[in-house]
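Side chains are part of it too, since the values below use all heavy atoms of this structure and drop only hydrogens, waters and symmetry mates. Numbers restart at 1 for each chain; the letters A, B, ... are given by sequence-line order, proteins then strands. Keep in mind it's a predicted model, so treat the numbers as computed, not measured.
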Protein chains: 2
Amino acid sequence: MTESLQVASGEAGIFEQFPGGVFPAACSSRVLLDHVMSKWGVLVLVSLTDGPQRWSELRRRAQGVSEKMLAQTLRTLEADGLVDRDQKPVMPPRVDYSLTPLGEELAEVMVPLLRWVGRNAEAVIGPSDPAGSSRSS
Amino acid sequence: MTESLQVASGEAGIFEQFPGGVFPAACSSRVLLDHVMSKWGVLVLVSLTDGPQRWSELRRRAQGVSEKMLAQTLRTLEADGLVDRDQKPVMPPRVDYSLTPLGEELAEVMVPLLRWVGRNAEAVIGPSDPAGSSRSS
DNA sequence: CAGAATCCCATACGATACTG
DNA sequence: CAGTATCGTATGGGATTCTG
């Protein structure tokens, strides 16, 4: 039971990498983890899996994202070298976002996770009960 | 380029599952995604990969987590059927947390992502510059 | 169309104190 | 030890307005 996961992941456990804890607090891993696992970061990255997309396209596909958060997310991912921004000097302006090679690499390990969530969400959470299991405080 | 990811993930693209967008807003997938990708949810799940652990152990390993957030995270993950809570009726109290079979399944797709982040964090973020790439607003 | 800037609120989160 | 309860702050994040 305990070691099955480490075998399944193909190599030794993740804790050989970080013996003291999961990830040391306040290290670069935590920062990147927060960027990448952020609510909108995940959706943007996975959306771009489908190929280069424009701003308005991303807004539609990552349903519910505000302009502010989309801009902030894209700037963060771009600064991290995961997303490429291609602005065409035309009028009206046209900007295409796409995954960098590094971003594609990340997406390769992200997509299986998303697919798992998609498969198991209804069984775990329920058909349509967003309030049911998010009772905080 | 565009389709390489879908090939790499072993099956068709994730968008056959959700043609309209990444995930429809306000559906169960989003809820589970938020639970699972939450800052502490990730660390707790991955920490439990190493086997059953006690409350105080989890607090130490998920460095920086507050008691409040650890409790909240564990309750959410338990309600989702990802984490099992085993309270022994002894004094002083002893509680062991472990992954359920479903949780182990999730961890199997989560660990590769964490390993990728661990490998690439320094190259992407920098050795120790948490402020450098998180300039928001 | 593709954003930037501003305002403002909800809540995520941490610190502290208390309990079984 | 393993939590709960309460409080205060920081920040995430939406709505709106403005610009090239």
Practice problem: With DNA chain D as reference, determine whether A:Met91 or B:Arg54 sits nearer its 5' end, using the nearest nucleotide of each. | Solution: B:Arg54
Quiz item: Rounded to the nearest Å, what distance is computed from the CD atom of residue B:Gln63 to the C1' atom of nucleotide C:dC13?
Solution: 18 Å
Exercise. May I ask you to test the B:Leu58-B:Leu48 pair for a side-chain heavy-atom distance under 4.5 Å?
Key: yes
Exercise. Take atom CZ of A:Arg94 and atom P of C:dG3, then tell me their distance rounded to the nearest Å.
Key: 12 Å
Quiz item: Sequence neighbours excluded, which residues qualify as side chain to side chain contact (heavy atoms under 4.5 Å, CB included) partners of A:Ala123?
Solution: none
Exercise. Using whole Å, report how far CG of A:Leu74 lies from P of C:dG3.
Key: 8 Å
Practice problem: Tell me, please, which residues at least two apart from B:Glu67 pass salt bridge (charged side-chain N to carboxylate O under 4.0 Å, His left out). | Solution: B:Arg59
Self-check item: Closest nucleotide among C:dA2, C:dA4, D:dT4 to the A:Ala71 side chain
Solution: C:dA4
Quiz item: What is the nucleic acid contact for A:Arg59, judged by heavy atoms within less than 4.0 Å: base, sugar-phosphate only, or nothing?
Solution: nothing
Practice problem: Could you tell me, to 10°, how much the axis swings from one end of the helix from C:dC1-D:dG20 to C:dG20-D:dC1 to the other, five pairs per end? | Solution: 50°
Practice problem: Could you check how far CD of B:Gln53 sits from P of D:dC1, rounded to whole Å? | Solution: 16 Å
Quiz item: Would you call B:Val109 and A:Trp116 a side-chain contact if the rule is heavy atoms closer than 4.5 Å?
Solution: yes
Practice problem: Could you tell me whether the phosphate oxygens of C:dG3, OP1 or OP2, come under 4.0 Å of any side-chain nitrogen or oxygen in A:Tyr97? | Solution: yes
Quiz item: Do A:Leu99 and A:Glu105 come within less than 4.5 Å of each other through their side chains, counting heavy atoms only?
Solution: no
Quiz prompt | Rounded distance (Å) that lies between atom C1' of C:dA12 and atom CD of B:Gln72 | solution = 8 Å
Quiz prompt | Euclidean distance, atom CE of residue B:Met37 to atom C1' of C:dA12 [Å, nearest integer] | solution = 18 Å
Quiz item: Would you call A:Arg85 and A:Asp96 a salt bridge, taking side-chain N to carboxylate O under 4.0 Å as the test?
Solution: no
Quiz item: In whole Å, what is the span from the CG atom of A:Asp86 to the C1' atom of C:dA2?
Solution: 14 Å
Quiz item: Does the side chain of B:Ser98 come within less than 4.5 Å of B:Asp86's, by heavy atoms?
Solution: no
Quiz item: B:Arg75 side chain: which of D:dT4, C:dG3, D:dC1 is closest?
Solution: D:dT4
Could you write out each protein N or O paired with an N or O of nucleotides 14-19 of chain D at a distance under 3.5 Å?
residue: D:dG14; atom: OP2; partner: A:Ser66; partner atom: OG; Å: 2.7
residue: D:dG14; atom: O6; partner: A:Lys68; partner atom: NZ; Å: 2.8

Quiz item: B:Leu70 has an atom CG; how far is it from atom C1' of D:dC1, in whole Å?
Solution: 13 Å
Quiz item: Just to confirm, is there a sub-4.0 Å distance from OP1 or OP2 of D:dG3 to any side-chain nitrogen or oxygen of B:Arg85?
Solution: yes
Quiz prompt | Set of side chain to side chain donor-acceptor pair (under 3.5 Å) partners for B:Trp40, sequence neighbours left out | solution = none
Exercise. Sorted by first residue and then second, give each salt bridge (charged side-chain N to carboxylate O under 4.0 Å, His left out) pair with at least one member in residues 34-48 of chain A; sequence neighbours left out.
Key: A:Asp34-B:Lys39, A:Lys39-B:Asp34
